[in-house]
Amino acid sequence: MAKSREKIQQLGFWDAEVSKPDHDSVCMWAYENADRIFKIVFPELFDQPWKKNEISLPYDYPGHVVQGVNELANNFVENTPRPNPRVCKRTLEYVLASHSGYQGKMERIVGYADLLIETELPHISPNYKFDKERREDVFDGFELAWSRGSDAPRILVEAKSAMPTVGELMRQIQLYRTAFHGKFVVVSPDDKYEGVLSEQEVAFIQYTP
């Protein structure tokens, strides 16, 4: 009978780094510094004013904005500074699976990412309250809300206590790209591949104990 590690190798990519004690140090550093990683990788999302597409306006019927709502929205923007986006979830040993076949029902595990960082973005949303006389929800100003939609970045982190060959590293990342569409980050004390990774659209962050 095949050992558990051999089974994983048959299913997808087995990262020999996982069994090394130093790997845990790098991985947990990334876990604890997820907010810092997010800001380094997506600096353009931080310390910004509200953008037009971050404001949702209410409509009283299709295609017609509620009367006077633009002034209310402007007042809300002036009195509510845009908060920075934030990390909402961190998952260690995230399972990466590719799907094929009819309606993507065939699943194949391609590997286990060290860390998945999921984020959420601020937006201004209409607030509603129930009107007993009209017996329906009516617009009642704006409120700050958070979105985990498709615009919110997802970051996959690979922790390396010691760099493998560049071929091994990129083979792993390219395989993971078949199952994950987001930003890839390598965290390691060794920065020898930083330039190459940048050319391959992979961010590098140096780990310093």
Side-chain angles (χ1 to χ4, degrees), residues 4-20 22-46 85-121 147-207:
S4 59
R5 181 178 296 187
E6 291 172 348
K7 289 181 179 179
I8 294 173
Q9 285 176 312
Q10 291 167 9
L11 290 169
F13 188 93
W14 173 259
D15 189 353
E17 272 272 306
V18 176
S19 61
K20 297 179 181 178
D22 288 347
H23 176 268
D24 270 1
S25 298
V26 181
C27 192
M28 291 310 301
W29 181 91
Y31 182 88
E32 293 164 2
N33 288 274
D35 291 287
R36 178 181 173 186
I37 291 171
F38 181 22
K39 190 170 184 178
I40 290 173
V41 177
F42 290 95
E44 70 279 5
L45 298 179
F46 288 77
R86 63 192 186 187
V87 171
C88 62
K89 188 177 181 181
R90 300 170 294 177
T91 305
L92 291 166
E93 294 301 317
Y94 178 74
V95 180
L96 288 163
S98 62
H99 296 83
S100 60
Y102 179 67
Q103 295 183 340
K105 290 183 178 180
M106 293 180 62
E107 181 180 274
R108 175 178 179 270
I109 296 174
V110 300
Y112 297 82
D114 291 319
L115 174 65
L116 172 67
I117 300 173
E118 296 177 82
T119 68
E120 56 187 7
L121 304 176
S147 171
R148 301 184 186 182
S150 58
D151 291 338
R154 299 171 77 235
I155 304 168
L156 208 63
V157 178
E158 271 304 305
K160 300 294 183 186
S161 59
M163 281 291 195
T165 65
V166 69
E168 289 176 307
L169 179 59
M170 285 311 305
R171 181 177 296 181
Q172 180 182 7
I173 291 172
Q174 299 292 27
L175 177 62
Y176 287 0
R177 278 176 167 160
T178 65
F180 178 81
H181 303 287
K183 187 66 176 180
F184 284 82
V185 178
V186 172
V187 176
S188 174
D190 186 349
D191 64 353
K192 64 183 176 181
Y193 298 144
E194 182 176 4
V196 174
L197 290 172
S198 178
E199 291 175 0
Q200 301 299 313
E201 298 183 347
V202 178
F204 175 83
I205 297 175
Q206 190 165 25
Y207 162 73

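Since we're looking at a predicted model, the values are computed, not measured.
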(request) Go through Leu169 and Tyr193 one step at a time and tell me if the side chain to side chain contact (heavy atoms under 4.5 Å, CB included) criterion holds. (result) CA-CA 10 Å; Leu169 179 59; Tyr193 298 144; 4.1 Å; yes

(message) Which heavy atom of Lys183 sits nearest to which heavy atom of Glu201, and what is that distance?
(response) NZ-O, 3.7 Å

(request) Could you tell me whether the side chain of Val110 reaches within less than 4.5 Å of the side chain of Arg108, counting heavy atoms only? (result) yes

(message) Minimum heavy-atom separation for Ala179 and Ala97, please, with both atom names.
(response) CB-O, 3.3 Å

(message) Tell me the closest heavy-atom pair linking Asp114 and Ala159, and the distance in Å.
(response) OD2-N, 2.7 Å

(message) Is the shortest side-chain heavy-atom distance between Thr178 and Tyr176 below 4.5 Å?
(response) no

(message) Checking the side chain of Asp22 only, and the main-chain atoms of Ser161 only, is there a donor and an acceptor separated by less than 3.5 Å?
(response) no

(request) Mind checking the CZ-CD spacing from Phe204 to Glu158? Nearest 0.5 Å is all I need. (result) 13.0 Å

(request) Would you name the heavy atoms of Thr119 and Ala152 that are closest together and state the gap between them? (result) O-CB, 3.3 Å

(message) Measuring only between side-chain heavy atoms, which start at C-beta, is Ser188 closer than 4.5 Å to Val26?
(response) no

(message) Is any side-chain heavy atom of Met163 closer than 4.5 Å to one of Glu168?
(response) no

(request) Look up atom CD in Glu32 and atom CE in Met28, then write down how far apart they are to the nearest 0.5 Å. (result) 5.0 Å

(request) Take Ile205 and Val186, measure what side chain to side chain contact (heavy atoms under 4.5 Å, CB included) needs, and give me the verdict at the end. (result) CA-CA 6 Å; Ile205 297 175; Val186 172; over 6 Å; no

(request) Might you work through the side chain to side chain contact (heavy atoms under 4.5 Å, CB included) test for Val157 and Ile117, ending with a clear yes or no? (result) CA-CA 8 Å; Val157 178; Ile117 300 173; 3.9 Å; yes

(message) Contact between Pro153 and Leu45 at the side-chain level, heavy atoms closer than 4.5 Å - yes or no?
(response) yes

(request) Could you tell me the separation between the OH atom of Tyr94 and the CG atom of Leu156, rounded to the nearest 0.5 Å? (result) 8.0 Å

(message) Let me confirm one number: the CD-SG distance from Glu93 to Cys27, rounded to the nearest 0.5 Å.
(response) 6.5 Å

(message) Using ring-ring contact (aromatic ring centres under 6.0 Å, His included), reason through Phe38 and Phe46 one step at a time and then give a plain yes or no.
(response) CA-CA 10 Å; Phe38 181 22; Phe46 288 77; 5.1 Å; yes

(message) Are there over 12 heavy-atom neighbours, none belonging to Lys89, within less than 6.0 Å of that residue's NZ?
(response) no

(request) Determine the minimum heavy-atom distance between Ser147 and Gly149, stating which atoms define it. (result) OG-N, 3.2 Å

(message) A side-chain contact here means heavy atoms from C-beta on lying under 4.5 Å apart; do Val185 and Val41 qualify?
(response) yes

(request) Kindly check if the number of other-residue, nucleotide or ligand heavy atoms within 6.0 Å of NZ (Lys39) is above 12? (result) no

(message) Using side-chain heavy atoms (C-beta onward) and a distance below 4.5 Å, is Val95 in contact with Tyr112?
(response) yes

(request) Any chance you could measure Asp35, atom CG, to Ile40, atom CD1, to the nearest 0.5 Å? (result) 11.0 Å

(request) Before accepting this row, confirm whether a basic side-chain N of the pair Glu118/Arg148 lies closer than 4.0 Å to the acidic partner's carboxylate O. (result) no

(message) Could you report the tightest heavy-atom contact between Ser25 and Tyr207, atom names first, then the distance?
(response) CB-OH, 3.7 Å

(message) Contact between Arg90 and Leu115 at the side-chain level, heavy atoms closer than 4.5 Å - yes or no?
(response) yes

(request) To the nearest 0.5 angstrom, please state how far the CD atom of Gln172 sits from the CZ atom of Phe184. (result) 9.5 Å

(message) Please determine whether side chain to side chain contact (heavy atoms under 4.5 Å, CB included) holds for the pair Arg177 and Val202, giving the CA-CA distance in whole Å, both sets of side-chain angles, and the decisive distance to 0.1 Å.
(response) CA-CA 11 Å; Arg177 278 176 167 160; Val202 178; 3.6 Å; yes

